Amino acid sequence: MKSYDHKKIEKHWQTFWDRKGTFHAKDNSPKPKYYSLVEFPYPSGAGLHIGHPRSYTGMDIISRKKRMEGYNVLYPIGWDAFGLPTENYAIKTGQDPRVVTKKNTDTFRKQLKSIGFSFDWSREVNTTDPKYYKWTQWIFLQFLKKGLAYKAKIAINWCPKDKTGLANEEVVNGCCERCGTPVEKREKEQWMLAITKYAERLDKDLDTVDYLPQIKLAQRNWIGKSEGAEIEFEIPDVGRLVSYRRPTAGGKL
Ligand SMILES: [Zn+2]
């Protein structure tokens, strides 16, 4: 039996797909639309990690199936390329972040293509491209006009090593997710987005989507819709606090 020469065969088909635009979504197509979205990779210096192919393969299978079923599928890809890892890497290696980002995205692109994912590469985006971030700036201005973006002085998570504020999601066991330094609380004037105004709607709309229960719960906790908490105290001479309970699954104390 002839052995499967993956290097030759895969290269052949990947070139064919590229040349023919096999996976390009068509503008103004009469076919029904299907949009498959994965989280765009953060192009670090290390290249892809195993988590990327894991989630992209699942969505790739769905995208290919949908195309075979006659859908005009948009399966986009791009680079979520702003942020701390690039900054740290650039400082560490003494390179311009722009050069580092270009080098990293080139590596990631080559790796993703060699796996053969059916992304629409003609629509590749990069969050560091002015043509892209002018729209994030535009959205911010709409928030500002509607009073949904505002400044407030609040205590934030602060990494003394990276000298930057961190989101709650970037703090793991009280330490900076990036560098492991214990995180401090600092009073800082911050831009805030009033997403809590949408808590009710976001929470309710989760009932309408087909997500796994644990994903829905994680989303609900993140939305953090709160109806307050009920706390019961025992009288002082009898003892201490006996119980508290949360009235809703997503409630925050
Ligand atoms: Zn840090």
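Quick note: residue numbers are just sequence positions, from 1. Each ligand, and each atom within it, is numbered from 1 in the order the structure gives. Here the structure is a predicted model, which is why all the values come from computation and not from measurement. Heavy-atom basis, side chains included; hydrogens, waters and symmetry copies ignored.
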- Examine all N, O or S atoms of Glu177, backbone included, and report whether one is under 2.8 Å from the Zn ion (ligand 1). no

- Task: For the Zn ion (ligand 1), find the closest N/O/S atom on Asp162 and give its atom name.
- Result: OD2

- Value for CG (Leu141) from OG1 (Thr136), rounded to nearest 0.5 Å, stands at 10.0 Å

- Could you grab the distance from atom CG of Leu48 to atom CZ of Phe108, nearest 0.5 Å is fine? 5.0 Å

- Task: May I ask you to decide whether Arg67 forms a salt bridge with Asp120, counting only side-chain N to carboxylate O separations under 4.0 Å?
- Result: no

- Task: State plainly whether the residues Arg64 and Asp60 are in salt-bridge range, i.e. N to O under 4.0 Å.
- Result: yes

- Message: When you measure from the Zn ion (ligand 1) to the N, O or S atoms of Cys159, does any of those distances fall below 2.8 Å?
- Response: yes

